[in-house]
Every structure is written in C-alpha cells, then in structure tokens.
Amino acid sequence: MSVRHADRLGGQAAVVGIGATEFSKDSGRSELRLAVEAVRSAIADAGLTPADVDGLVTFTMDTNPEITVAQAAGIGDLSFFSRVHYGGGAACATVQQAAMAVATGVAEVVVCYRAFNERSGHRFGGGVDRRAPSAEGVAMGWTLPYGLVTPASWVALHAARYLHHYGLGPDALGPVAVADRRHAATNPAAYFYQRPITLEEHRESRWIVEPLRLLDCCQETDGGQALVVTTVERARDLPHPPAVIAAAAQGAGRGQEMMTSYYRDDLTGLPEMDVVARQLWRTSGLTPNQVDVAVLYDHFTPFVLMQLESFGFCKPGEAADFASGGGLELDGRLPMNPHGGQLGEAYLHGMNGIAEAVRQLRGSAVNQVPAASTALVTAGTGVPTSGLCLVADG
C-alpha cells in the first residue's frame with residue numbers, strides 16, 4: 001500500500017535518546033559489551049531506566065541477540081523484538097520498526113542498536129569470504145568468477161557506468177570526500193578528527209577498484225550506537241526535545257540484488273532509494289527545499305551523488321556540479337553529514353548518522369546547522385534500503 005499511498009506513521013513516534021561508544025579500530029572488548037554500553041547510554045540520555053524498555057530492534061548481521069542484550073543491560077520483559085536484513089540498508093528501518101511498534105501499542109519504549117568490531121574482528125569490506133550457502137550467494141555466482149568479490153568492486157561497476165554516462169572522471173567524486181572529512185576534522189568523536197583532506201590528496205590516493213580511490217571508501221570501525229524511540233506524547237515529558245519521525249520508509253527496486261543489481265535497464269541511479277524518496281516526501285509532506293540538513297549514507301562517494309538525484313536535490317547528472325559548487329558544505333544549499341559521515345566519523349552501518357540528525361534537531365551538534373528543524377537520513381545504498389524524515393517538535 002505505501003508504495004502508492006502516504007502511510008499513517010508520521011508524527012506518532014520520536015527519537016528521544018542517543019548513546020554510543022567511542023569509534024576506534026580496536027575496541028579491546030566484545031561486541032556484546034559494545035552493544036550494552038551503547039544501549040545503556042541511550043536509555044540514560046532519554047531520561048529513562050532499563051525497566052522502561054519493552055522493545056529492541058537490530059540488524060540481522062548483529063551478533064548480539066536481543067534477549068542477551070536485554071539481560072546484560074538490565075532490561076526486563078520484552079513485548080517486541082525485531083531484526084532487519086540487508087546490512088547498512090537496515091539502519092533507518094530499525095527506527096521504522098520501533099515507530100510502528102509504539103504507534104500501535106505493541107511496545108512503549110523501543111531501543112534500536114548496532115554494535116560490531118568490524119575492524120578488529122569480522123571485516124565486512126573483505127567481501128564474501130566464508131559465507132554460508134544462501135540464495136543471495138547463488139545470485140552472486142554470476143559476478144564472483146569475474147573478480148567482483150568485495151563491496152568496493154560491486155560499487156565500482158555502478159560508479160564507472162555513472163561517470164561514463166555523464167561524461168565525468170573520478171575527480172568528480174572528490175568534493176564528497178573532502179566535505180565529509182572537513183566536517184569530521186572539527187568533530188572530536190570522529191575517527192578522522194583534525195585530519196581534513198584536499199581535492200589534491202583525494203586525487204593522489206591509491207586506487208582500490210577504478211574509479212574508486214582509497215578516499216572514496218569508508219573504513220571499517222569498531223563501536224556501538226543505540227537510539228531510543230517512544231510515542232510523541234511520552235517524549236514531551238523527557239529531558240531532550242524529541243526528534244519527531246515525520247516519515248519512515250523502506251525500499252527495494254525492480255531487479256534488486258545485494259549490491260550487484262547489474263541486470264537493470266539503467267545503472268546510473270538507485271531505484272531502491274527512489275522508492276524511499278517517494279514514500280518519505282509523500283508521507284511527510286516535505287519537499288527537498290524544506291530540508292535543513294541531510295545525513296546521506298556515504299560508504300562510497302558515488303552513491304552520494306546518486307542519492308542527491310534520487311531525492312530531487314538536483315536533476316540526473318547534475319549532482320557532481322552540486323557537490324563541487326559547495327552545495328554539501330555547512331553553509332551550502334544542503335549541509336550534508338555535519339558529523340563527518342561514515343567517511344569521516346565512523347562506519348556504524350548508518351546508525352551514527354541517525355544520532356547526528358537527532359543532535360542537529362536538538363541544537364546540540366558540534367557542527368550545528370543554524371535553526372535546523374528538518375533532517376533527512378538515509379541508510380545503505382546499492383542494497384534494499386530505508387530512510388527517515390525527522391522534524392523538531394511543534
């Protein structure tokens with residue numbers, strides 16, 4: 001139904017708590033401990049106690065079972081628990097699941113979490129090594145023999161087609177990386193704090209898979225992030241201004257695969273994100289011109305350009321000019337990833353980006369966009385994905 005019509009979720013739930021561990025390359029502790037630290041921090045930030053929580057949502061890729069996290073964090077009975085598939089595409093969908101639970105009364109306070117030791121432990125950037133047999137694996141059997149075995153290689157094929165179609169070179173990707181790293185450089189929580197880059201440094205960084213250079217790719221992170229969702233009515237009695245969920249959407253496109261959707265008629269866009277964009281604009285009633293700050297999933301720079309076009313911030317083929325003209329800077333037309341994004345702050349499968357949007361609406365971000373009252377957040381690209389429109393209350 002919601003592929004064709006606005007849904008009724010908007011305005012019924014809000015994000016009221018955020019909590020994270022530090023972001024590092026070697027946490028020195030278990031993924032369960034990272035998850036519990038983040039969950040407890042988010043509950044405390046919300047002004048609640050573990051006893052108030054009756055729902056948990058996470059990713060299918062998370063190694064921390066809901067009941068184990070609940071036990072370790074001091075949470076009691078649960079009336080709702082859920083997991084969302086497709087890697088980073090699940091990020092905003094965890095909040096959608098939580099919002100649906102509280103809007104329907106299935107649960108009253110739901111915590112969304114994601115924690116991993118992705119740098120010191122299992123490295124997702126390593127690709128398909130040692131995966132269990134699955135239907136997805138069968139589909140990948142058409143690309144693996146040709147050397148397409150890692151996320152960078154899968155994205156590079158889309159990027160090459162996009163750049164060729166619009167007559168661009170790899171340098172067109174540089175402004176996205178530079179903007180993210182500039183923002184991270186003034187964010188003490190960012191892994192790349194005080195380490196901005198220039199366009200020349202982007203151009204000189206080594207190839208990973210052409211046309212992607214090292215500085216076009218996010219780096220794996222150890223850490224945890226959690227978010228607390230409850231009803232808007234209850235949110236108004238809690239310490240921080242609520243980030244109201246004006247719209248939440250999931251999207252999968254025709255011919256969808258996990259980062260290898262090469263059999264579509266056109267590889268220059270993201271049909272799954274087009275689905276999300278239509279749902280978010282329709283349900284929230286917002287337009288691209290009303291977005292004060294955007295947190296766009298940036299595991300690889302070319303997919304940021306395609307997202308700008310999916311959401312209508314510019315026309316197809318114009319995103320590179322949008323970025324090179326300063327459109328993504330803090331004082332630009334669309335301030336993007338003020339925390340530094342996943343290229344600059346941390347790669348937490350998009351959950352840290354949702355937290356940044358909440359900080360922007362609270363007015364407490366390190367790189368605060370003045371008077372920000374509307375925020376767009378997206379989840380993983382190239383996969384079945386999700387998105388959020390968050391707004392300040394009132």
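- In this structure, Thr21 and Gly223 approach most closely via the heavy-atom pair OG1-CA, 3.3 Å.
- Side-chain contact between Thr221 and Leu348: present, with at least one pair of heavy atoms (C-beta onward) separated by less than 4.5 Å.
- The shortest heavy-atom contact between Met259 and Trp154 is O-CB, 3.3 Å.
- Taking His85 as the reference, Thr60, Glu136 meet the side-chain hydrogen bond (donor to acceptor under 3.5 Å, both in side chains) condition, with sequence neighbours excluded.
- A search for ring pair (Phe, Tyr, Trp, His ring centres under 6.0 Å) contacts involving Phe311 returns Trp281, not counting sequence neighbours.
- Rounding to the nearest 0.5 angstrom, the gap separating the CG atom in Asp62 from the CD atom in Glu31 is 7.0 Å.
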(message) Checking Leu48 against Leu238 for the side chain to side chain contact (heavy atoms under 4.5 Å, CB included) test, could you report, in this order, the C-alpha distance in whole Å, the side-chain angles of both residues, the deciding distance, and whether it holds?
(response) CA-CA 8 Å; Leu48 299 169; Leu238 299 176; 3.7 Å; yes
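- Residue pairs meeting the side-chain hydrogen bond (donor to acceptor under 3.5 Å, both in side chains) criterion with at least one partner in residues 381-391, sequence neighbours excluded, are His299-Thr381.
- You'll find the side chain of Leu308 reaches within 4.5 Å of the side chain of Leu296, heavy atoms only.
- Residues Pro335 and Asp292 share a closest heavy-atom pair of CD-O, 3.4 Å.
- The pair Glu356-Arg359 meets the salt-bridge criterion, since a charged nitrogen lies less than 4.0 angstrom from a carboxylate oxygen.
- The side-chain heavy atoms of Arg213 and Arg206, taken from C-beta on, include no pair separated by under 4.5 Å.
- One finds a salt bridge joining Arg203 and Asp171 here, because a Lys/Arg side-chain nitrogen approaches an Asp/Glu carboxylate oxygen to under 4.0 Å.
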(request) Please lay out, stage by stage, how Leu286 and Val391 fare under the test side chain to side chain contact (heavy atoms under 4.5 Å, CB included). (result) CA-CA 10 Å; Leu286 296 170; Val391 299; 4.2 Å; yes
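- No donor-acceptor distance shorter than 3.5 angstrom exists from the side chain of Ser284 to the backbone of Cys389, with no hydrogens or angles considered.
- Between the side chain of Gln256 and the backbone N or O of Gly253, at least one donor-acceptor pair lies under 3.5 Å.
- At a threshold of 4.5 Å between non-hydrogen side-chain atoms, the residues Val244 and Leu390 do not count as touching.
- Phe303 and Phe313 fall within a single hydrophobic cluster, where Ile, Leu, Val, Met, Phe, Trp and Tyr side chains are chained together by heavy-atom contacts under 4.5 Å.
- Atom CD of Gln97 is separated from atom OG1 of Thr58 by 11.5 Å, given to the nearest 0.5 angstrom.
- Between the side chain of Gln12 and the main chain of Met100, no donor-acceptor pair closer than 3.5 Å is present.
- Thr378 contributes a side-chain N or O that, together with a main-chain N or O of Tyr297, makes up a donor-acceptor pair within less than 3.5 Å.
- Here the side chains of Val295 and Ile354 are not in contact, with every heavy-atom distance at 4.5 Å or above.
- For the atom pair CG (Leu343) and CG (Asp180), the distance works out to 5.0 Å, reported to the nearest 0.5 Å.
- Partners of His339 under the ring pair (Phe, Tyr, Trp, His ring centres under 6.0 Å) rule, at least two apart in sequence or in another chain, do not exist in this structure.
- Electrostatic pairing of Glu108 and Arg234 counts as a salt bridge here, judged by a charged N lying under 4.0 Å from a carboxylate O.
- In this structure, the side chain of Tyr262 does not engage the main chain of Leu267 through any donor-acceptor pair within 3.5 Å.
- Distance alone, capped at 3.5 Å, places no donor-acceptor pair between the Glu257 side chain and the Ala139 backbone.
- Under the 4.5 Å side-chain criterion, counting only non-hydrogen atoms from C-beta, Leu215 is in contact with Arg181.
- Here the straight-line distance linking atom CG of Asn64 with atom CZ of Arg33 works out to 13.5 Å at 0.5 Å rounding.
- Note on Glu22 versus Arg29: salt bridge recorded, some NZ/NE/NH1/NH2 to OD/OE distance being below 4.0 Å.
- Across Leu9 and Ala103, no two heavy atoms sit closer than the pair CD1-CB, 3.9 Å.
- Using a distance-only test at 3.5 Å, with no hydrogens or angles considered, no donor-acceptor pair links the side chain of Trp207 to the main chain of Leu212.
- Between the side chains of Glu345 and Asn187, at least one donor N or O sits under 3.5 Å from an acceptor N or O.
- Leu227 and Val39 are members of different hydrophobic clusters when ILVMFWY side chains are connected at heavy-atom separations under 4.5 Å.
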(request) Determine, step by step, whether Phe322 and Leu328 satisfy the side chain to side chain contact (heavy atoms under 4.5 Å, CB included) criterion, reporting the C-alpha distance in whole Å, the side-chain angles of both residues, the deciding distance to 0.1 Å, and the verdict. (result) CA-CA 8 Å; Phe322 186 101; Leu328 306 179; 3.7 Å; yes
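- Atom CZ of Phe81 is surrounded by 12 or fewer heavy atoms from other residues, nucleotides or ligands within 6.0 Å.
- Residue Gln290 qualifies as enclosed at atom CD: its count of foreign heavy atoms under 6.0 Å is above 12.
- For His183, there are no ring pair (Phe, Tyr, Trp, His ring centres under 6.0 Å) partners, not counting sequence neighbours.
- Among residues two or more places apart in sequence or in another chain, the ring pair (Phe, Tyr, Trp, His ring centres under 6.0 Å) test is passed with Tyr162 by Tyr166.
- Following chains of ILVMFWY side-chain contacts shorter than 4.5 Å, one can reach Val15 starting from Val110, so the two form part of one hydrophobic cluster.
- In this structure, Leu280 CG and Ser310 OG are separated by 11.5 Å, a value rounded to the nearest 0.5 Å.
- Leu173 is listed as a side-chain neighbour of Leu305, based on a closest heavy-atom distance under 4.5 Å.
- The heavy-atom pair separating Ile43 from Val53 by the smallest distance is CD1-CG2, 3.7 Å.
- In this structure, Asp266 places its CG atom where more than 12 heavy-atom neighbours from other residues, nucleotides or ligands lie under 6.0 Å away.
- When the side chains of ILVMFWY residues are joined at heavy-atom separations under 4.5 Å, either directly or via intervening members, Met351 and Val276 end up in two distinct hydrophobic clusters.
- Under 4.0 Å is where a charged nitrogen must lie from a carboxylate oxygen, and between Arg40 and Asp45 no such pair does.
- Ionic pairing of Glu220 and Lys25 is not present here: no N-O contact between side-chain nitrogen and carboxylate oxygen is shorter than 4.0 angstrom.
- Without hydrogens or angle criteria, Gln225 side chain to Gly19 main chain gives a donor-acceptor distance under 3.5 Å.
- Between atom CG of residue Leu376 and atom CG of residue Leu334 there is a gap of 8.0 Å, rounded to the nearest 0.5 Å.
- Within a 6.0 Å sphere centred on CG of Leu199, heavy atoms belonging to other residues, nucleotides or ligands number more than 12.
- The side-chain tip of Arg195 points at the ring of Tyr191 from less than 6.0 angstrom away and within 45° of straight on.
- Looking at heavy atoms from C-beta onward, Glu329 lies out of side-chain contact with Met336 at the 4.5 angstrom threshold.
- At least one donor-acceptor pair closer than 3.5 Å links the side chain of Asp298 to the backbone N or O of Gln342.
- Under a 4.0 Å N-O distance rule, the pair Asp393/Arg236 qualifies as a salt bridge.
- Between Leu361 and Ala243, the shortest heavy-atom distance links the atoms CD1-CB, 3.8 Å.
- Note: His349 and Phe59 meet the aromatic proximity criterion, with ring centroids under 6.0 Å apart.
- For Asp54 (side chain) and Val109 (main-chain N/O), a donor-acceptor pair under 3.5 Å exists by modelled atom type.
- Hydrophobic clustering, with ILVMFWY side chains joined whenever heavy atoms are under 4.5 angstrom apart, keeps Val95 apart from Leu56.
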